[in-house]
Amino acid sequence: MTVSRILVVDDEPQIQRFLKPSLTAAGYEVIEALTGADALKAVATQAPDLVILDLGLPDMDGKDVIASLRGWSEVPIVILSARDRESEKIAALDLGADDYVEKPFGIGELTARIRNALRHRGRLDAIPEIMEVDGLTIDPIRRLVTRGVETIRLTPKEYDLLLLLSRHAGRVVTHRTLLTTVWGPAHGEDLHYLRVFIGQLRQKIERDPTEPRIVRTEPGVGYRLLTDHETS
Amino acid sequence: MADDDRRDDRRPDPDALLVLADKDRRGKLTVFLGAAPGVGKTYAMLSRAARLRTDGVDIVVGLVETHGRSETAGLLDGLEVLPRRHVSHRGRMLEEFDLDAALERRPSIVIVDELAHSNPDGSRHPKRHQDIEELIAAGIDVWTALNIQHLESLADLVGRITGITVRERVPDIVLKRADEVLLVDLSPSELIERLKDGKVYLPESARRAVDRFFRLGNLTALRELALRRTADRVDDQMVDYLKQNAIDGPWATGERLLVCVGSDVLSEKVIRVASRLASGLNAPWMVVSIERADREVETPERLQRIETLFRLAEQLGAETRRVIGHDFVDEILKLARREHATQIVIGTRRRGRMDRFLSRSLPEALAKRASGLGVYIVTPDGGDAAFAKRPLPMPRLSALRQATAIASGFVAIAAAIGKVIDLIVHLPNISLLFLLAVLGAAVSGGYLAAFFAAVLSTLAYNFLFIDPLHTFTIAAPHEVFALFVFLAVAIIAGGFASRIREQAEIAGIRAAALQSLYDFSRKLAGTAKTEDAIWLTVSHLQARLKRKVVLLLPRQGDLSMAAAWPPDTELDVTDLTAARWAHDKREAAGHGTGTLPNSRFEFRPLLGPHGIVGVCGIEHRDDRLDLNAERALTAILDQTAIALDRARLAEETVQQAARLEGERYREALLSSISHDLRTPLATITGAVTGLRQLGERMTPENRDDLLQSIEEESGRMSRFVANLLDMTRIEAGTLKPKQEWMDVTDVVQSAVERTRKYAPGRLIETGIAPDLPLIKGDSVLLSQVLFNLLDNAVKYGGEEPINVYARRDGKDVLISVTDLGKGIPPEELDRIFEKFYRRGKPDGRAPGTGLGLSIARGFVEAMGGRIHAESPAWKKKGTRIIMRFPEAEPSAMEPG
C-alpha cells in the first residue's frame, strides 16, 4: 500500500512545525503550503491524497480555496477551524469540505478524521457494503437494519437518514445536506424535521437513546455516524 | 364652498374624537350639583357610594364633611376613609384632603367633597379643583359636590341676587369638562324647612348671612340657575355625541364671540357678560387685549390686570390672545375676520387721555366699521364706583419739574432770539420761532414739556411781541385769533414731536433688547458644552432681570440644580417640588401659577425640539416683570432650550460613538484572545498528543523540535497573559508605580538581555550617554516597557539591527528604541498606541498581540513620562519610539 500524501495548508509556522513530524510519524507523507495560492498550486502539481486546510489564510478565504478546488478536484478536505466559527464551518462543509477539526485538537482526533476521509475516498465507487456499528447492522442492499437477530423497523425517512449518515460514516453531514437529500431542496432550513426524525431514529437504533453512540450530534453543524473504532 | 364644508363635516370631527381618546385615559369626574348648601349632595354621594361598594367597586372616601350629622356619618360605615393631612395654618391645625395619599392608594373612585374649597397656603395647589384635576389626570375617577353659587361665571349674578359676595369660585371649565353632572334637587320651601330643623350645617361665619341667603326668592333663583346649568350640559353632551357620530345637527349656532378687554375695571364685567352670552349661544369665544405697538403704555399694574383677566377668561372657557397693533379698530376687525367671529363684545370705557385725539370712542368706531358683525356693548354699572372714580395717572413731580425746566429754557431762548431779531429787522412771523421752541422742548422733554412750552410760548409771545407790549392784553382782535391758532398748532405739533421722541426711545429700548438677545444667542452658539450654556443663561438672565435665577436639569432620572446665579442660591423642598412639577407636566409652576404658588420661584419648563430639557426658576420679587423683560425671558429660555437640546443630542452622539468604540474594542479583544491564545494552545496540544501517541516513531530531532515548540508557545502564551493582566491593571486604574531612583543604564541592559534570550539572532545595539541623571519611577515597569518596544522592533524591524539610545535633552531624559523595518505611515502613527491596534493584516492575524505599545504608553504615563513614535526613523526606513522622562528635582536627590 502506498503512503498517503497530505497537504497541510496553514500560515502559522507553529502549526506546521508540530503537524509535520506528527503526521510523518503516523505514516503519512507531508507537504506544506502557507497560502491559498500555494495550496491550489500544490494540489495541481503534487496530487495529494488529502488536504488539511486552515480557514484563516493571509491571502484568500479558506472557503474560496475549497470552492476553487472543488471545481476540478475531488481530493478529500479536512478543515481546521475555531469552535466559535460555526457558520464558517457549515459553509465550508456545504462547499464540499469532507470534515472538520476544531482547534485545539489532539493528533489522535486529526488522524481519525484523516483515516475516515481517506477510506471514504477509496470506497466512493465501490458497491454499498454492509456496515456494523455498536452492534447495529445496516444492510443497504436488502434495506435491512438489524441488531443481533432482531430486525428494526424504520420508516422510509428514518431509513434514508440512517443510510445517508452511514454512507458518510465517521464524517459529519451538515443539516442542510441531510434535509435537502432526504426531504428535498425546498426543505433546507426545516431543522425541526431533523430534530424529530433523528430523535425517533435514536429511540429505535441506540442502546441508550439518552447517550447516543451511533448518531452523534455536532452542535450547530450536523450529525455524524460514528464508526466502530470511534465508539469504542 | 359651504357645501364642501358640510361634506367635510360629515366625517367625524377629529378634534372631537381626540378629546374622547384623551378622556379614555383620564379618570371621570362626576359632579353632584346643588342649588344651595343643605340640599343633600353629600348624602346623595355617599348613599350612591355605599351601593357601589356592595357591588364590589373600589371606592374610597378622600374627604367628606359630615358636619357631625348622624344620618350622613352613618353612611360612612363600611366605606374606606383616607386619613387626612394635618396642616398648621396661621397657628391653627387644619385637616385637609391628602392628595398624595389618594394618588398612592389609587382607588377606582375617590370621593372628594366641596369642589370649591380653597387649600391653605403651602399646599401643592391653591384650589381643590386642581387637586381633583390631578387625580383625574392620574386616571382616578372622582366624585365631588358643588353649589351653583360657586361657579365663576355666575359669581356676580349670584352676588346681585343674594347680596353675598362669593369668594370661593370654581372655573366653569371644570363643570364643563365633568363627565357627569348629577343635580341634587330640593324645593326651596323644603330646604328652608330643613334649615329650621337644624339639618343644614353652616359655618359660624356664615350664620349671620343665613337670613339674607336662605330666602325663598334667592333659593328659587339659585335653583333655576342650577337647573338651567344642568340642562345646558345635557345639551352639550348631545352635541358631543352628534359630532362624534358625524350627524348633521341643529346644534351649530355658528356663533363665535370676540371679546375685547383692556386693563380697566369694566373688562371683568365684559368677560362675565360674554361668558354668559357664549354659554347661552353655545358659542366658542375668544378674549383679546390689544396693545399699542407704538407706545410703551404697558405699566406693570396694567399687565398684571390683563393677566388676571385672561386667567379669569380661561377659567370661564375662553381662548385668550394678545394682539399688538397701531389701530385698535383695524386690529379688532382683522382678528374678527381671521377667527370667523360673528359678534364682538366690548365695554364702553371712559375715554382716557390718549383717546382725546381720536374723534370717536372705540365701540362707536367699531360699530361704524364692523359690517356684518354684531357689536355687543357692555356698559358700566352705576355702582361701579371704582370705574367712575378711576383717577387719571398723574405724572410724577420730578417729571413735572423737569418738563417745566426744559419748556422754560426753550421758550426763553426763543424769546431772546426773537427780541434780537426784532431789533435788527421787523419780522412778521416771529411766532414761528416759538413753534421751534415747542418742537425742541417736545423732542428733548417729551409730551409734558411740549405742552408747557406751548402755553409758555403763547404767553411770552403775547407779552413780548403783541401790542400792547409787556402786557398780557391784546389790542387787535385778529391777534387774539392768531394767538389761539398758534396755541393749537403748538400743542398739536408738540404732541407729534413728543411721539417721535417716544418712538425713538422705544426703538432704542427694543434695539438694546434685541442687541442683548443677539449677544446672548451668539455667545450661546459658541458654547459647545451643556455646562457652559447653562452658566451663560443663568448669569445673563440674572443680569437682565435683576433677580435670582436657577436652572435645573434632569440627571440620572432626577431633576437637580445645574446652575444658579448668584451661585449660592438654594432651593427648599417646596421649590424643588414645584420644579419637578414644571418638568413632569411641562407647564409653569411655583410662584404666580396654579401649582405651589408659595414657592419663591416661578419655574418654567425649557422645551426644546425633542422634548423637555430642563427647568428654569426665576425668583419672585414684588415688582413684576415688565413686558420687555417678559419677552426677553421667553426668548432667552427658548434659545437656551434649543441650545441644551442640541448639546444633549451631541452628548448622545458621543455616547453612541463611545458605545460603538466599546463594541469594536470588545470584538478586537475577543479576536485577539481567540487568536493569540488559541494558536499556542493548538500547537501545544498538537505537539503533546503527537509526542504521546507517535513519539516512538519519531526521530530524536523531531521529538526535540516538538518539545521546543511547546516551550516557545508556552512562553508566548505567558507573555500574552502577562500583557492582558498589565492592561487590566492600567484600565482598572490600580497601577501604582513605585517612585524609586532608577539608573536608566541598568534598566536598558536588563530589557535588552531579556530580548536577546528570546530572539537570539537579532543584533541589538545600545548607546547610553555617560552623564545621564537618575530618574524617578518603577524599574520593573520601565523594563517591561523597553521589552515591549524591543519585542515590536524584533517583529517589525526586518533583519536590520535594533538601536536603543538614552540621552539627556534639557531637563528631560530621552530613551528611544529604533528599528529599520518598513516603518509606519504617518496617518497611523497615533493609532499604534491604541489597544489591539496592529499593523499588518486586517483580520487581526498579525504576529503581535496589539497590546505591547498600549501597555507601554500606560506604564510610561503612569510614571509621569510621555511616549511618541516617529517614522521614518532613518533614511526613509524604520520606526523610532521615544520616551521622555522628566529629570528628578535636584533637591529630591538629597538623601533623607
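Note: hydrogens, waters and symmetry copies are ignored here, and every other heavy atom, side chains too, is used. Quick note on labels: first sequence line is chain A, next is B, and so on, each numbered from 1.
Residues B:Q693 and A:S22 fail the side-chain proximity criterion, which asks for heavy atoms closer than 4.5 Å.
For the atom pair CZ of A:F18 and OG1 of B:T689, the computed distance is 7.0 Å after rounding to the nearest 0.5 Å. Within the model, atoms NZ of A:K20 and CG of B:L706 stand 12.5 Å from one another, a figure rounded to the nearest 0.5 Å. Annotation: the span from B:T683 atom OG1 to A:Q16 atom CD amounts to 10.5 Å, rounded to 0.5 Å. If you take CG on B:L694 and CG on A:L23, they are separated by 8.5 Å, rounding to the nearest 0.5 Å.
Between A:R17 and B:E712 there is a salt bridge, since a side-chain N of the basic residue sits under 4.0 Å from a carboxylate O of the acidic one.
Around the OH atom of B:Y805, the shell of radius 6.0 Å holds no more than 12 heavy atoms that belong to other residues, nucleotides or ligands. Heavy atoms from other residues, nucleotides or ligands lying under 6.0 Å from CD of B:E861 number more than 12. For B:R692, the CZ atom is loosely surrounded, since the number of other residues' heavy atoms within 6.0 Å does not exceed 12.
When B:I684, B:L681, B:T685, B:N702 are compared by the number of non-hydrogen pairs under 4.5 Å with chain A, B:T685 comes out ahead.
In terms of heavy atoms, A:I15 sits closest to B:A682 at CD1-CB, 3.9 Å.
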